Amino acid sequence: EAGVAQSPRYKIIEKRQSVAFWCNPISGHATLYWYQQILGQGPKLLIQFQNNGVVDDSQLPKDRFSAERLKGVDSTLKIQPAKLEDSAVYLCASSSLLGGADTQYFGPGTRLTVL
Amino acid sequence: KNEVEQSPQNLTAQEGEFITINCSYSVGISALHWLQQHPGGGIVSLFMLSSGKKKHGRLIATINIQEKHSSLHITASHPRDSAVYICAVRRIQGAQKLVFGQGTRLTINP
């Protein structure tokens with residue numbers, strides 16, 4: 001079974017530029033998560049999708065971050081414009097049960113550096 | 001104060017030692033997860049617990065719901081166990097998202 005795929009693995013941009021990350025969850029997984037992990041901290045949930053609907057985006061900085069999962073499969077996370085404090089690893093995860101109340105499977109992450 | 005606190009933050013030990021990592025939480029939970037994160041970012045789920053104890057190979061996870069505390073033990077530690085170990089809880093109340101601890105960086109020297 002293929003795992004959660006993410007691209008790119010690394011991205012370096014200057015502040016005020018835009019960037020987009022892509023995630024393809026495990027086939028058949030209804031729930032998809034985007035996390036932000038700043039160096040030395042645990043992951044923080046940015047947004048949770050159930051199929052193509054948003055379940056929780058309470059910690060997503062909506063003035064600059066956006067995410068979509070149009071067909072309930074893969075997802076993109078965009079930052080526009082980026083700030084220095086957005087430097088982090090962006091992790092995508094998926095789980096099979098609706099509501100996500102089971103094991104989450106994580107992708108390798110995208111390491112973003114904002115200069 | 002964070003809802004999930006781990007200790008220690010950093011742990012260095014010699015190969016073969018018995019390792020204990022602790023997690024305390026302050027909210028009602030439906031489940032607690034232990035996760036392993038290797039350099040490069042990939043996270044692997046080790047255990048999901050709602051009561052008692054689970055064992056997988058050299059790893060043992062326990063949880064005490066009344067005391068709001070969980071421990072992850074590694075027996076006969078090996079350098080390949082070097083990683084960051086993260087505790088995460090799923091709250092009963094409110095949005096059922098995972099809340100993560102800050103992680104414990106474990107280094108096992110040969």
Side-chain angles (χ1 to χ4, degrees), chain A residues 2-11 21 23 26 29-50 53-60 87-113, chain B residues 1-11 21-50 54 56 61 70 72 83-106:
Chain A
V4 177
Q6 288 189 247
S7 67
R9 291 294 312 277
Y10 304 91
K11 190 74 179 177
F21 312 128
C23 172
I26 292 173
H29 278 195
T31 308
L32 184 148
Y33 312 80
W34 282 104
Y35 292 94
Q36 179 194 58
Q37 186 177 23
I38 293 171
L39 187 65
Q41 299 180 18
K44 181 184 83 171
L45 180 69
L46 293 175
I47 189 166
Q48 177 182 342
F49 291 96
Q50 190 165 293
V54 175
V55 173
D56 184 349
D57 64 357
S58 57
Q59 297 191 92
L60 187 73
S87 294
V89 175
Y90 290 84
L91 295 161
C92 179
S94 69
S95 62
S96 60
L97 290 183
L98 292 179
D102 76 332
T103 300
Q104 294 185 21
Y105 296 86
F106 287 81
T110 296
R111 184 175 298 275
L112 174 67
T113 302
Chain B
K1 189 180 187 303
N2 294 333
E3 292 179 344
V4 181
E5 294 278 355
Q6 289 184 236
S7 63
Q9 288 192 17
N10 293 283
L11 178 58
I21 299 170
N22 297 298
C23 175
S24 297
Y25 52 92
S26 56
V27 294
I29 68 169
S30 58
L32 182 143
H33 296 251
W34 281 103
L35 306 155
Q36 180 191 57
Q37 185 171 32
H38 278 284
I43 292 179
V44 174
S45 180
L46 299 174
F47 295 103
M48 183 171 63
L49 294 163
S50 54
K54 286 190 176 181
H56 182 69
S70 175
L72 176 69
V84 175
Y85 292 84
I86 302 173
C87 171
V89 302
R90 186 177 300 282
R91 287 200 209 104
I92 292 176
Q93 303 285 350
Q96 296 202 357
K97 62 187 177 188
L98 286 181
V99 178
F100 293 79
Q102 80 277 27
T104 294
R105 182 173 298 278
L106 174 65

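A quick note: this is a predicted structure, and the numbers were derived from the prediction, not measured. Below, chain A is the first sequence line, B the second, and so on; all start at residue 1. Side chains included, hydrogens not; waters and symmetry mates left out as well; all remaining heavy atoms used.
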Separation between OH of A:Y35 and CG of B:L98, rounded to the nearest 0.5 Å: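 Rounded to the nearest 0.5 Å, the OH-CG separation comes out at 4.5 Å.
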Find the distance between CD (A:Q104) and NE2 (B:H33) and round it off to the nearest 0.5 Å.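 It comes to 6.5 Å.
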Test of understanding: with side chain to side chain contact (heavy atoms under 4.5 Å, CB included), list the residues that count as partners of B:V44, not counting sequence neighbours.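 Per chain and number, B:V44 pairs via side chain to side chain contact (heavy atoms under 4.5 Å, CB included) with no residue.
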The criterion is ring-ring contact (aromatic ring centres under 6.0 Å, His included); which residues satisfy it with A:F49, sequence neighbours excluded?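 For A:F49 there are no ring-ring contact (aromatic ring centres under 6.0 Å, His included) partners, ignoring immediate neighbours.
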Is it true that atom CD of A:Q59 has more than 12 heavy atoms of other residues, nucleotides or ligands lying nearer than 6.0 Å?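 Counting neighbours around CD of A:Q59, more than 12 heavy atoms of other residues, nucleotides or ligands fall under 6.0 Å, so yes.
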Around atom NZ of A:K44, are there more than 12 heavy atoms from other residues, nucleotides or ligands closer than 6.0 Å?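 Atom NZ in A:K44 is crowded, with more than 12 foreign heavy atoms closer than 6.0 Å.
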Would B:Q37 and A:V89 satisfy side chain to side chain contact (heavy atoms under 4.5 Å, CB included), going step by step from the backbone distance to the final call? CA-CA 12 Å; B:Q37 185 171 32; A:V89 175; 5.6 Å; no
Please flag which part of A:S58 lies under 4.5 Å from any non-hydrogen atom of chain B: side chain, backbone, both or neither.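 Just the side chain, heavy atoms under 4.5 Å.
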Less than 4.5 Å to any heavy atom of chain B: does that hold for the side chain of A:Y10, its backbone, both, or neither?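 Nothing of A:Y10, per the 4.5 Å heavy-atom cut-off to chain B.
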Please tell me if the side chains of A:P43 and B:I43 come closer than 4.5 Å, counting only heavy atoms from C-beta onward.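 They are in side-chain contact.
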